[in-house]
Number of protein chains: 2
Amino acid sequence: MEHDKARKSIKLQDIAQAVGVSRTTVSNAFNRPDQLSPELRDKILEAAKEMGYPGPNPMARMLRTGQTGAIGLVFGESLPYAFNDLAAIAFLRGVSRVCERVKASLLIVPTLESDAAQKTIEQATVDGFIIYNLPDDSEALVRVLDRQLPVVAVDQPSLKNVPSVGIDDRQAARKAATHLLSFHHKQFAIMAMELRSDLYVGLVDAQRLEHCTHQITKLRLRGYRDALEEARIDFSQVPIYECRNDENHAREVAMTLLQRQPRPTAILAMSDILAFGALRTAQQMSLKVPEDLSIVGFDDIPLAWQIRPRLTTVQQPLVEKGVLAAELLLSKSVTKTSKVLGTRLVVRESSGVAPTV
Amino acid sequence: MEHDKARKSIKLQDIAQAVGVSRTTVSNAFNRPDQLSPELRDKILEAAKEMGYPGPNPMARMLRTGQTGAIGLVFGESLPYAFNDLAAIAFLRGVSRVCERVKASLLIVPTLESDAAQKTIEQATVDGFIIYNLPDDSEALVRVLDRQLPVVAVDQPSLKNVPSVGIDDRQAARKAATHLLSFHHKQFAIMAMELRSDLYVGLVDAQRLEHCTHQITKLRLRGYRDALEEARIDFSQVPIYECRNDENHAREVAMTLLQRQPRPTAILAMSDILAFGALRTAQQMSLKVPEDLSIVGFDDIPLAWQIRPRLTTVQQPLVEKGVLAAELLLSKSVTKTSKVLGTRLVVRESSGVAPTV
DNA sequence: CTGTTAGCGCGTTCAC
DNA sequence: GTGAACGCGCTAACAG
């Protein structure tokens, strides 16, 4: 870039000198139009433009005012991964809607869990943080809390002293399972999102089940279990497969699951992406959905109704979660009210009566 | 939040005093571990923790160092809209990959075109900007340029002195049209993205065609025209419909287009979302794709191959665009090399031989 | 390894 | 409507 060296970074002072007024007056010209005559203001602004003044330095202003005009967003997953997750994107849409309304910027902070360099969080110049789905043992979580800024948590009901917005994951998952039970299914399989942040992938045993650090996964598993056990199904015999939330991996996992004997007639998937993968695998195996296999997803992202058969799924208000999180963060209210939003089962074409054996 | 009033914002100085060392030493304890003995460092850090010190104030640090550790991103569309655009999201994924690698944050700056309050751009504490698809006459564009920071433009080949990354939109669009021509299509219709930022929606007349401020729309239209005119088709007779890049609107527009006499046998859509809308409308009208109607999209987002029939489309390296833009911005190289990435036509199931009348 | 000295560029009283 | 003074909290030299 040429600018850097050209001018020795011209500042408020310089243009004050050029116009022959004091620094304050120039500052006022930019920030308080009502504090000086329009003529003078125009004169100053013009001089500034001529001299190529980039405007009051935002960093200096921030230091002075203590306000950044930005809200921070920390995801529990890596950024490229989050931007691959349509549920996260929908949430982001909600947040961005509020940002736009209040003219705040959105600082998305990457957080390499493994890396000691959690500097990004310490460096973030924001007025507060929204944390999205951080695992309980997350290093990022303590870093955010250390900043002593306002925080709102999303999908993390368990944090003390941190207002949160989310859904009743347990209840929502239960709805999905109950729906399938009403169709007389007996052979279930569960495609779960990650239980811990250790990149493990595979069947989940009892011990791992106990040590689940991802709240929503844990709660949804409980919801499935609630329903299944109520129907006298031995939950310990239900295969739970931990997957990456990714179509291709979901396809592989579904393949494994569908080759088990007895073959599941119903798949409970913790996201629509996982459900979609299962659907494609079923089609590839020439299994008819829902005649041979029922699938219920979670989230109700657009894909759920764009594909055929349309996905039966648990709808959750993703965008609204974002809106509320942002509003909660911005509201000065000391009342740390946590919001629990509603969900509903949307029955479409991927679920039906269990096949008779 | 409780923190604000509780402690009178404790600072470096305070903890220096408490431990009985100088401010610098405390600063070093945080930023340069190698500059003091481990014991002292631990002692300082512990004292800091006890006193509830949130760490060196990022704003003050920024002012001092002149570095923000963040890169700004400005979209040509409203934020909620951008987060609805899967092509933009894929681009974002690319940017975020680089951010994560270099531990930089990503500041997404909303920009209400109509609003005089373009403050967000002036206030953004970033080391540089990536601008994505800003219209030529955009107020935001001049604001960004005014900041005199490094800038990289995406999909905006025409800016002077601003390195850019993009594709050859004209050539890419031409491929789509040529493909359909090879199937002997004669009756075309074009579903275009916006030509200007005035929220107009409807058929595009010659005059509007002349005053197109959105580069990529303009270039793609030219590409379509190049191919069509080469095939002796009167381009002025080809209906061009300007749509919002949104599935529902695309469906309506497609309905209008497909009710024209003679009915188009081929639709050139400037995005996969538009193509998808057309596809659904065709199905709803009981038109067979591709037997009765061929459709070619643009972008090759996942949806293109997730739906049936799969979409024939022009693939562009969306993620790579993001990666390159970010890398270009971060590279100190004074060489303002603009990158033009390759595209290719992906022939799938939504295009075929023109129906015989 | 430690401390001293200087600002980074600005916003805000408060007098004039 | 204007200007002088003060300090936001920190880091970069450099000297010890």
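First the proteins, then the strands, lettered A, B, ... as listed; each starts at 1. As a basis for the values below, the full set of heavy atoms in this structure was taken, side chains included, without hydrogen atoms, waters or symmetry mates.
What separates CD1 of A:Ile10 from P of C:dC8 is a distance of 15 Å, to the nearest Å. When rounded to the nearest whole Å, the span between CE of B:Met62 and P of D:dG9 equals 15 Å. As a whole-Å value, the separation of A:Ile15 CD1 from C:dC10 P is 10 Å. The distance from atom CZ of B:Arg147 to atom P of C:dG9 is 14 Å, rounded to the nearest whole Å. Computed from coordinates, the A:Asn57 CG to C:dG9 C1' distance equals 6 Å when rounded to whole Å. Taking atom CE on B:Met59 and atom C1' on D:dT11, their separation rounds to 17 Å, with Å as the unit. One can place CZ of A:Phe30 at 15 Å from P of C:dT12, the figure rounded to the nearest angstrom. A:Gln67 places its CD atom 13 Å from the C1' atom of D:dC8, with the value rounded to the nearest Å.
Within the structure, every side-chain polar atom (N or O) of B:Arg32 is placed at least 4.0 Å from both OP1 and OP2 of D:dT11. The phosphate of C:dC10 (OP1 or OP2) has a side-chain N or O of A:Tyr53 nearer than 4.0 angstrom. Put simply, A:Arg61 has a side-chain N or O that comes within less than 4.0 Å of OP1 or OP2 on C:dG11.
In this structure, A:Arg101 pairs ionically with A:Glu327, as a charged nitrogen and a carboxylate oxygen lie closer than 4.0 Å. In summary, B:Asp155 and B:Lys321 engage in a salt bridge, as defined by a charged side-chain N under 4.0 Å from a carboxylate O. The existence of a salt bridge linking A:Glu122 and A:Arg143 is confirmed by a sub-4.0 Å separation between a basic side-chain nitrogen and an acidic carboxylate oxygen.
Side-chain contact of A:Asn31 with A:Arg61: a donor-acceptor pair under 3.5 Å is present, judged by distance alone. One side chain, B:Asp127 or B:Thr68, offers a donor N or O that lies under 3.5 Å from an acceptor on the other. With no hydrogens or angles considered, no side-chain donor-acceptor pair links A:Asn133 and A:Gln156 at under 3.5 Å.
In terms of modelled atom types and a separation under 3.5 Å, the side chain of A:Arg93 and the main chain of B:Asn84 share no donor-acceptor contact.
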Below 3.5 Å between N/O atoms, which protein atoms pair up with nucleotides 2-4 of chain D? Just atom names and distances, please.
unit_1	atom_1	unit_2	atom_2	d
D:dG3	OP2	A:Ser22	N	2.7
D:dG3	OP2	A:Thr25	OG1	3.1
D:dA4	N6	A:Thr24	OG1	3.0

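The nucleotide whose nearest atom lies closest to any side-chain atom of A:Arg64 is, among D:dG7, D:dG9, C:dC8, D:dG7.
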